Amino acid sequence: MRRISLMLHADDSRLPNLAEMERQGELIFVPFGGGHVRAWAERLAPLARPEFHLYDHELPPETELRLEAATSVNLRPRSKAVLTKKRCLENYLHPDAILAAGGIHVQFDAFDCVAELTARELYRQRPGEIAWQLQARRSQSRMTNRAKRWLNTKAVEQMTPAMLGEQDRDGEITTWMLAINELLAS
């Protein structure tokens, strides 16, 4: 979110530069990394500060748990929670940004695991390795997590407003940024 906000802010100054706002102490990010979503939905409530929760949609049954958490957050004043319409933030990346960042060709839809597809392609490019399917699940998971970090740093830095417009036709990310602005102004 920090990196994509830099690009969006440069294109539209109404949208916040989240990285700069974090540096200035105006907001903090608290990634819960796929932990127990219901616990995180309530954890910061006692602080009575504005909160914006962004949950990856994921796949059922996780989706339902995240919807319940979002509903709980949205009942509180000065708090907003949304679920992405796509599986996760990586699904908003443009394949051309991934290609520009690392020469990796991946095609995906709204609910594919982009990190795993990217990890598989990176692995496929390594000569002499055993097939992906023969790798231990733990090794696959580690490679997928590394790909996720790479996608959310290097690939997102290659995004342009036009690319984002193609991948986010509904303007979800812009809507999230505007909601953050509103919360910070409240």
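What you are looking at is a predicted structure, and each value in this text was computed from that prediction instead of being measured.
Residues satisfying the salt bridge (charged side-chain N to carboxylate O under 4.0 Å, His left out) test with Glu42, not counting sequence neighbours, are Arg76. Annotation: salt bridge (charged side-chain N to carboxylate O under 4.0 Å, His left out) contacts of Lys154 (sequence neighbours excluded): none. Considering only residues two or more places apart in sequence or on other chains, Ala136 meets the side chain to side chain contact (heavy atoms under 4.5 Å, CB included) condition with Ser139. Annotation: salt bridge (charged side-chain N to carboxylate O under 4.0 Å, His left out) contacts of Arg169 (sequence neighbours excluded): none. Partners of Gln107 by side chain to side chain contact (heavy atoms under 4.5 Å, CB included), not counting sequence neighbours, listed by chain and number: Pro95. Evaluation of the salt bridge (charged side-chain N to carboxylate O under 4.0 Å, His left out) rule for Glu22 yields Arg2 as partners, not counting sequence neighbours.
Side chain of Asn91 to backbone of Asp109: a donor-acceptor contact under 3.5 angstrom is found. Although no hydrogens or angles enter the test, the distance criterion places no donor-acceptor pair under 3.5 Å between the side chain of Asp168 and the main chain of Leu164.
For the atom pair Gln167 CD and Ile173 CD1, the distance stands at 9.5 Å (nearest 0.5 Å). From Asn181, atom CG reaches atom CE of Met177 across 9.5 Å, with rounding to the nearest 0.5 Å. Of the inter-residue distances, the one linking Thr160 atom OG1 with Gln158 atom CD reads 10.0 Å to the nearest 0.5 angstrom. Atom CD in Glu20 sits 10.0 Å away from atom OG in Ser5 (nearest 0.5 Å). Residue Leu178 holds its CG atom at 11.0 Å from CG of Leu183, rounded to the nearest 0.5 Å. Going from atom CD1 of Ile180 over to atom CG of Leu27 covers 7.5 Å, rounded to the nearest 0.5 Å.
When the side chains of ILVMFWY residues are joined at heavy-atom separations under 4.5 Å, either directly or via intervening members, Phe29 and Leu44 end up in two distinct hydrophobic clusters.
Through direct or indirect side-chain contacts shorter than 4.5 Å among Ile, Leu, Val, Met, Phe, Trp and Tyr, Leu134 is connected to Tyr123, Ile130, Trp132, Met143.
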Between side-chain atoms of residues 6-13 and protein atoms elsewhere (two or more places apart, or another chain), which donor-acceptor pairs fall under 3.5 Å?
from	atom 1	to	atom 2	distance (Å)
His9	ND1	Leu15	O	2.6
Asp12	OD1	Arg14	N	3.0
Asp12	OD1	Arg14	NE	3.2
Asp12	OD2	Arg14	NE	3.2
Asp12	OD2	Arg14	NH2	2.8

Show me the donor-acceptor pairs within less than 3.5 Å that the side chains of residues 53-61 make with the rest of the protein, sequence neighbours left out.
from	atom 1	to	atom 2	distance (Å)
His53	ND1	Tyr55	OH	2.8
His53	NE2	Glu51	OE1	2.6
Asp56	OD1	Leu89	N	3.4
Glu58	OE1	Arg87	NE	3.4

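Smallest separation of non-hydrogen atoms from Ala81 and Ala70: CB-CA, 3.6 Å. Residues Val114 and Ile98 approach most closely at CG1-CD1, 4.2 Å, considering heavy atoms. Summarising the geometry of Arg38 relative to Ala69, their closest heavy-atom pair is NH1-CA, 3.8 Å, with the distance given to 0.1 Å. The two residues Ser186 and Pro50 have their closest heavy-atom pair at OG-CG, 4.1 Å. Of all heavy-atom pairs spanning Gln125 and Gly103, the tightest one is NE2-O, 4.0 Å. For Ala155 against Leu93, the heavy-atom pair with the smallest separation is CB-CD1, 4.2 Å.
Sequence neighbours left out, the pairs with a member in residues 81-105 that pass ring pair (Phe, Tyr, Trp, His ring centres under 6.0 Å) are Tyr92-Trp176. Residue pairs meeting the salt bridge (charged side-chain N to carboxylate O under 4.0 Å, His left out) criterion with at least one partner in residues 136-147, sequence neighbours excluded, are absent. Applying the salt bridge (charged side-chain N to carboxylate O under 4.0 Å, His left out) definition to pairs two or more places apart or across chains, those involving residues 112-128 are Glu116-Arg120, Glu121-Arg124, Arg126-Glu129.
Considering only heavy atoms from C-beta on, Glu182 stays 4.5 Å or farther from Lys80 through its side chain. Within the 4.5 Å cutoff, side-chain heavy atoms of Met159 are placed close to those of Ile4. Between Leu99 and Ile104, every side-chain heavy-atom pair lies at or beyond the 4.5 Å cut-off. Considering only heavy atoms from C-beta on, Val30 comes within 4.5 Å of Trp40 through its side chain. Residues Val82 and Phe52 have side chains in contact (heavy-atom distance under 4.5 Å, counting atoms from C-beta outward).
Checked for salt-bridge contact, Lys85 and Glu172 miss the test: no charged N lies under 4.0 Å from a carboxylate O.
More than 12 non-hydrogen atoms from other residues, nucleotides or ligands lie less than 6.0 angstrom from CZ of Arg43.
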